[in-house]
Number of protein chains: 2
Amino acid sequence: MGLRERKKQRTRDALIDAALDLFLAKGYEATTIDQIAARVEVSPRTFFRYFASKEDVALSLTADEQKMLLAELTARPESEPPFTALSQAMRSLLGILREADEATASRYRRCQQVVHSTPTLLAGMMRLLKENERRLVAEVARRLKASPCDLLPQFIVSVFVSVILACVDEHAQDPAALARRLDDLLTLAERSLRPGWDMPVRSGAADPAPATG
Amino acid sequence: MGLRERKKQRTRDALIDAALDLFLAKGYEATTIDQIAARVEVSPRTFFRYFASKEDVALSLTADEQKMLLAELTARPESEPPFTALSQAMRSLLGILREADEATASRYRRCQQVVHSTPTLLAGMMRLLKENERRLVAEVARRLKASPCDLLPQFIVSVFVSVILACVDEHAQDPAALARRLDDLLTLAERSLRPGWDMPVRSGAADPAPATG
DNA sequence: TTGTCATCTGTCATGAACTGACATAAGTTA
DNA sequence: TAACTTATGTCAGTTCATGACAGATGACAA
C-alpha cells in the first residue's frame, strides 16, 4: 500500500475522531464542518471529499457495523434456522467489537454515544438499518429457498430488526449492558415464538398450528 | 372559529398541497422552499412560520397518522390482549383514512407516495414511528400493569412496529393493497407467536413453555 | 365606526451545509 | 528529471434555516 493510500486512511480516521470528539463536547448540531476541518488542518472542501455530509461522518462506523453484520450472517452455517443465524451473527458482531484494539473500540463507543443522543442521527441510523434489511431479507430468502418478496423472510428479518431497535432504546451505553439486554430480548423472542416459526410450512402436510384457538 | 384561524388553516393546507404536488412532479430534493412559497403566494419566511423545515411539511400528515394510531389504541377495550389491541387500532386507522373525503384522502395518498420514494423522508418517517413507539409502549405497559421499562411491553410494540415497517416496504401504494398486506402480515404474526405470548407470565405457576427443546 | 391591541406577514441580514470549477500541490511511474 | 495521476485549496454560488424589525391585518371594546 503506497504512501498516498496510507495518508488518505489517516486523514479519514482523523476526521472521524475529530468529529466524534466535537460532537460529544458541544453536540452534533452546534458543531460545524469548519471546526472539524480546522482541527484536522484540512480545508472544509476536503472534508466533503471524504464524507458526503455531516451525518455521513457521524454514521460511517454504524454503516461499517451493518456491513459486518451481513458478513457474519453469510458466514453462519446453512443448516441453522434463519432467526438463529441472525441472532448468532449479531452476537458474533458484538464479540468482534469487544475484541478490537482500544482506539477502535473507543471510536465505536463514542459513535454509539453521539448517535443515541441526537434524534437526527437516530433517524439516519434507522435508514441504514432499513437499507441493510433488504440485504438481510435476500440472504434469509436464499437460505429458505424462497423469493425475497415472500412474507416469511421479510417477517423474520423484521422481528430481528425490531429486537435490535429495542436494544438501542436509550439504555445500553456500555457494550456489556448492551450485550445483556440483547440476550434478554432474544430469549424473550424465542420464548414467545412457536418452534419452527422461521421455517417454511410444508404445504402438503396438515397445518399443526391450531390458529387463534 | 374566527376568520384569522380559518385563514391560517387554509394557508397551512395550501402549503402542504403545493409541497406534495411539487415533490411528486420534480422530486423532493429538487424542490425549493421558494417554489412552494411562491405557489401559495406567501414569502419563504412565512413558510417557516408554519413548518419547521422542508421535511416537516412532507411528514406533517405522517405525524398526524401516528397521533391517530395512539388515539385508536387508547380507545380499544381494556380487556383486549395488547397485541390484538394494537392490530385493531391499526385496522381502525386504515378504516378512517378510507372514509375520509376525497381531498383529504388524496393528500394522504400523495404524502405516502412522496415519502416512499425519498430516502431522507423514509428516515424521517421512521424517526416519527420511533418517537410514537415510546408512547405506545407506555400505553401497553399501563394495560399490562407493568413498568414501561419491562421487556415485555417493549417487545410487544417492537413486533407490532416491525409488521408496520414490513408493510411500508416498497409495495402498497394504494390503500387497498396496503390493507391486504397488513392483514397478511398480522395473520402470519399470529400464526408464528405462541397463544398468550403478549400477556405476563404468572410468576407462581409452572412455565408451560418447553423452551427451545 | 373607530381606535387599540395582538398577531401574522414581508423584508433584510446572517450563518451553516453543501457543490461545481479550476488552479496548485503532492505522489507515483517511466 | 519529466510526465502523469490524483488529492487538496480557493473561490463563487445555491439552498436551508433563523433572528430582528417594520408594516399589514384581523380581533375586540367603546
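All values reported here derive from a predicted model rather than from experimental measurement. Below, read A as the first sequence line, B as the second, and so on, with proteins coming before strands; counting in each chain starts at 1.
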Grab the [atom1]-[atom2] distance between [X] and [N] for me, whole Å please.
{"X": "A/Phe47", "N": "D/dT10", "atom1": "CZ", "atom2": "C1'", "result": "18 Å"}
{"X": "A/Leu121", "N": "C/dA17", "atom1": "CG", "atom2": "C1'", "result": "15 Å"}
{"X": "B/Arg6", "N": "D/dG26", "atom1": "CZ", "atom2": "P", "result": "11 Å"}
{"X": "B/Ile36", "N": "D/dA17", "atom1": "CD1", "atom2": "C1'", "result": "13 Å"}
{"X": "B/Arg49", "N": "D/dA17", "atom1": "CZ", "atom2": "P", "result": "15 Å"}
{"X": "B/Phe48", "N": "D/dA17", "atom1": "CZ", "atom2": "P", "result": "5 Å"}
{"X": "A/Tyr28", "N": "C/dA17", "atom1": "OH", "atom2": "C1'", "result": "10 Å"}
{"X": "A/Leu15", "N": "D/dA7", "atom1": "CG", "atom2": "P", "result": "14 Å"}

Lys/Arg N to Asp/Glu carboxylate O, [X] vs [Y], below 4.0 Å:
{"X": "B/Glu102", "Y": "B/Arg107", "answer": "no"}
{"X": "B/Arg127", "Y": "B/Glu131", "answer": "yes"}
{"X": "A/Glu139", "Y": "A/Arg135", "answer": "no"}
{"X": "A/Glu29", "Y": "A/Lys54", "answer": "no"}

Check your understanding: Under 4.0 angstrom, heavy atoms only, what part of the nucleic acid is A/Ser43 near: base, sugar-phosphate, or nothing?
Key -> base
Check your understanding: Within less than 4.0 Å of OP1 or OP2 of C/dA26, is there a side-chain N or O belonging to A/Lys7?
Key -> no
**Study point:** Presence of B/Lys54 side-chain N/O under 4.0 Å of D/dT15 phosphate oxygens OP1/OP2
**Key:** no
Study note, to complete from the structure: The nucleotide from C/dG10, D/dG26, C/dA16 with an atom nearest the side chain of A/Thr32 is C/dA16
Exercise for review: Return the nearest nucleotide to the side chain of A/Arg4; candidates are C/dC18, C/dG27, D/dA27.
Suggested key: C/dG27
Exercise for review: May I have the step-by-step check of side chain to side chain donor-acceptor pair (under 3.5 Å) for B/Gln154 and B/Glu133, ending in yes or no?
Suggested key: CA-CA 9 Å; B/Gln154 177 67 63; B/Glu133 188 180 304; 2.9 Å; yes
Point to revise | B/Arg45 vs A/Tyr50, nearer the 5' end of DNA chain D by closest nucleotide | key: A/Tyr50
